[in-house]
Amino acid sequence: MIKTVPNNDAIAAVADLIKEGRNVVLPVKGNSMLPFIIGGKESVELIPPPKAQVGDVILAWVDGTHYVVHRVISISADGDITLMGDGNIRGFEHCRQEDIVGKAINVVAANGKKRSLPNDSLSWKLWNMLRPVRRWILAVYRRTILKMI
């Protein structure tokens, strides 16, 4: 028998495990973190969150409504953290440090292989600078590389 649990309830249970100091592997849905995380095919390994830094990929309760796995793109002086998915071309979410459930340290493929997430790497910095043209890059990526995976 399969039981379906709402995302927010499941993630609340994940949050409890992370608060106990455990690493948790959480499947990712959607394409908002392309090209670094492929939703539906990969998972993220989460650890208890240290103080957020620009470039970190985090699981957070955003805008008081839902959880997302997105990247920190800025932190204001008053502590407001702005998030955006790597595969998004617009749209931001906001949270505070206390809303962060965990920090993603690895991407886990379906076969169990792990790879680290770029957070201050050249690849992520370049991708961030390409935000104005991401739409076209992602369109090509979805129609070619993603179909081969």
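The figures that follow rest on heavy atoms only: side chains count, while hydrogens, waters and symmetry mates do not.
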Going through the checks in order, is the side chain to side chain contact (heavy atoms under 4.5 Å, CB included) test met by L34 and L138? CA-CA 8 Å; L34 285 175; L138 287 168; 4.0 Å; yes
Side chain to side chain contact (heavy atoms under 4.5 Å, CB included) for W127 and R134? Distances and angles first, verdict last. CA-CA 8 Å; W127 183 249; R134 277 186 193 173; 3.3 Å; yes
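We find the SG-CG distance between C95 and D80 to be 7.5 Å, quoted to the nearest 0.5 Å. Distance check, rounded to the nearest 0.5 Å: CD1 of I58 to NE2 of H70 gives 10.5 Å. To the nearest 0.5 Å, the span separating CG on L46 from CG on L59 amounts to 5.5 Å. In this structure, CD1 on I37 lies 8.0 Å from OG on S32, to the nearest 0.5 angstrom. Atom-to-atom distance recorded for I89:CD1 and R135:CZ is 3.5 Å, nearest 0.5 angstrom. Atom CG of L146 is separated from atom NZ of K41 by 6.0 Å, given to the nearest 0.5 angstrom.
Connection of V44 to I11 is established within a shared hydrophobic cluster, with ILVMFWY side chains joined at heavy-atom distances below 4.5 Å, either directly or through further cluster members. In the hydrophobic clustering of this structure, L122 does not group with I73; members are Ile, Leu, Val, Met, Phe, Trp, Tyr whose side-chain heavy atoms approach within less than 4.5 Å, directly or through other members. Note on Y141: it clusters hydrophobically with L126, by side-chain heavy-atom contacts below 4.5 Å among ILVMFWY residues.
Using modelled atom types and a 3.5 Å distance limit, the side chains of D78 and S76 yield a donor-acceptor pair.
Among V28, V57, L117, the single residue meeting the side chain to side chain contact (heavy atoms under 4.5 Å, CB included) criterion with M33 is V57.
Closest of all the heavy-atom pairs between A52 and I75 is O-CD1, 3.3 Å. In this structure, P48 and N23 approach most closely via the heavy-atom pair CD-OD1, 4.4 Å.
A salt bridge (charged side-chain N to carboxylate O under 4.0 Å, His left out) check over residues 122-133, counting only residues at least two apart or in different chains, returns nothing.
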